[in-house]
Amino acid sequence: MPKRRTRAGVIAFQGAAGAYSDLACRTAMPDMRTLPCDSFEDAFACVESGRAALAMIPIENSVAGRVAEIHQLLPHTKLHIVGEHFQRVCHHLLAVPGAKLKGVKTVHSHVHALSQCRTFLRKHGFRAVVHADTAAAAAEVAANKDPTVAAIASELAGEIYGLASLRSGIEDAEHNTTRFLILAKNPIDPDPGKGPVLTSFVFRVRNVPAAVYKALGGFATNGVNMTKLESYMIGGNFTSAQFYADIEGHPEQRNVRLAFEELEFFSHEVTILGVYYAHPFRCAAANPR
């Protein structure tokens with residue numbers, strides 16, 4: 001009798017099978033079974049309820065920018081960031097077997113994928129149709145069996161839905177890469193001596209002059225490198241904002257601890273979302289050959 005899979009071997013993601021999030025899961029966690037979810041909230045809920053051990057969530061893309069919905073969800077989840085993953089995006093033009101590039105008239109995909117392949121679409125005169133998901137677009141093309149309709153999706157989606165790749169690498173930008181966060185129910189405590197560590201957190205500063213400058217001053221004076229800082233409104237309030245930040249270092253390291261003490265003095269609240277090892281992609285990007 002085959003062994004029953006447990007939540008320890010399941011990683012959840014938002015989207016249909018074959019989505020880039022699915023590809024990221026399989027690349028980063030090849031021994032885990034992927035679990036498609038209709039929404040980011042559903043993916044979070046799968047981990048919170050125990051249906052999955054991890055969730056793979058996109059937070060930003062080098063072309064499209066941040067995934068705004070995630071910034072709204074992260075401060076309210078009970079999950080913890082336990083890792084990051086960088087996935088190179090290679091878009092394929094997928095169609096039913098036997099279809100020819102010159103016969104394609106319409107291309108379906110997610111709005112970001114379509115915009116990332118704008119030059120290719122314009123060159124061939126294809127009509128772009130926005131779809132909710134790249135992999136779901138591929139599934140629809142496979143189901144309809146119309147050789148004049150294609151989808152922009154991953155090679156994995158083509159394999160899953162039995163589609164042929166008419167052209168690969170059709171994205172405009174060669175650097176097209178998505179950064180994912182890996183979330184779990186319990187936090188981890190990485191050892192800075194074993195590799196670079198990142199700390200992600202959100203905070204809201206007090207409504208006083210130069211509050212942001214003063215709150216962040218501690219990171220500069222204590223030599224803590226901040227790799228990411230973004231602000232966004234909360235509750236429809238135009239007078240104050242919440243900030244999301246990534247820094248290099250562990251909260252228990254003296255310089256980081258002192259920086260956080262200063263941040264907390266000028267903030268209403270500071271919430272650490274996770275402490276985790278930096279992905280090797282960061283070092284490679286920072287030190288190109």
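All residue numbers in this chain count up from 1 along the given sequence. Keep in mind that what you see is a predicted model, and the values were worked out from it rather than measured.
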Q87: what forms a side-chain hydrogen bond (donor to acceptor under 3.5 Å, both in side chains) with it, not counting sequence neighbours? T27, H85

Is any side-chain heavy atom of E69 closer than 4.5 Å to a side-chain heavy atom of E41? yes

Suppose the criterion is side chain to side chain donor-acceptor pair (under 3.5 Å): which pairs have a residue in residues 89-104, not counting sequence neighbours? Y20-H91, H91-Q116, H92-S165

For E48, is there any backbone N or O sitting under 3.5 Å from a side-chain donor or acceptor partner on K185? yes

Go through it in stages, so that I can follow the logic: the residues are I57 and Q14, the test is side chain to side chain contact (heavy atoms under 4.5 Å, CB included), and I'd like the CA-CA distance, side-chain angles, deciding distance and then a yes or no. CA-CA 7 Å; I57 304 296; Q14 184 277 326; 5.5 Å; no

Flag, side chain of T177 to backbone of H175, donor-acceptor distance under 3.5 Å: yes

Could you pull out the closest heavy-atom pair between D42 and C37, with the gap in Å? CB-CB, 3.9 Å

What are the two closest non-hydrogen atoms of G169 and C90, and how far apart are they? N-SG, 3.6 Å

Kindly list each side-chain donor-acceptor pair under 3.5 angstrom involving residues 262-270, sequence neighbours excluded, with atom names and distances?
| from | atom 1 | to | atom 2 | distance (Å) |
| --- | --- | --- | --- | --- |
| S267 | OG | L263 | O | 2.7 |
| E269 | OE2 | R204 | NE | 3.1 |
| E269 | OE2 | R204 | NH2 | 2.7 |

CE (M56) and CG (L183) are apart, to the nearest 0.5 Å, by 9.5 Å

Using side-chain hydrogen bond (donor to acceptor under 3.5 Å, both in side chains) as the criterion, list what pairs up with T119, not counting sequence neighbours. D172

Taking V205 as the starting point, is it possible to reach I247 by hopping between hydrophobic residues whose side chains are less than 4.5 Å apart? yes

Pairs flagged by side chain to side chain donor-acceptor pair (under 3.5 Å) wherever residues 131-144 is involved - sequence neighbours left out: H131-E140

Tell me every residue that passes side-chain hydrogen bond (donor to acceptor under 3.5 Å, both in side chains) with H250, counting only those two or more places apart in sequence or in another chain. D189

How long is the gap from CG on L54 to SG on C46, to the nearest 0.5 Å? 12.0 Å

I'd like to check the side-chain contact (heavy atoms from CB on, under 4.5 Å) partners of A259; sequence neighbours left out, ordered by chain and number. F219, N222, V224

Please identify each residue that fulfils side-chain contact (heavy atoms from CB on, under 4.5 Å) with T227, with sequence neighbours left out. N225, D246, E248, R282

How about M29 and D31: do any of their side-chain heavy atoms sit closer than 4.5 Å? no

Given L181, V202, T271, the one that forms side chain to side chain contact (heavy atoms under 4.5 Å, CB included) with L74: L181

For E60 and R179: C-alpha separation, side-chain torsions, deciding distance, then whether salt bridge (charged side-chain N to carboxylate O under 4.0 Å, His left out) applies. CA-CA 5 Å; E60 59 190 327; R179 180 192 178 212; 3.1 Å; yes

Applying a strict under-4.5 Å side-chain criterion to I, L, V, M, F, W and Y, I'd like to know whether L79 and M32 cluster together. yes

Give the minimum heavy-atom separation between A136 and A16, together with the two atoms involved. N-CB, 4.0 Å

Write out all pairs satisfying ring-ring contact (aromatic ring centres under 6.0 Å, His included) with one or both partners inside residues 29-76, taking only residues at least two apart or from two chains. H71-Y232, H71-Y244

I'd like to know if the side chain of Y276 reaches the main chain of P187, judged simply by a donor and an acceptor atom lying under 3.5 Å from each other, with no hydrogens or angles considered. no

Taking the six-membered ring where the residue is Trp, are the ring centres of F201 and F243 under 6.0 Å apart? no

Does the side chain of L229 come within less than 4.5 Å of L216's, by heavy atoms? yes

Excluding sequence neighbours, so at least two apart, what forms side-chain hydrogen bond (donor to acceptor under 3.5 Å, both in side chains) with T199? none

Apart from I152 itself, its cluster of hydrophobic side chains linked below 4.5 Å comprises L93, L101, V104, V107, V111, L114, F120, L121, F126, V130, L166, I170

Residue set satisfying side-chain contact (heavy atoms from CB on, under 4.5 Å) with A132, at least two apart, ordered chain then number -> none

Between E171 and R88, does any NZ, NE, NH1 or NH2 come within less than 4.0 Å of an OD or OE carboxylate oxygen? yes

Nearest-0.5 Å distance, CG of residue L273 to OG1 of residue T77: 9.0 Å

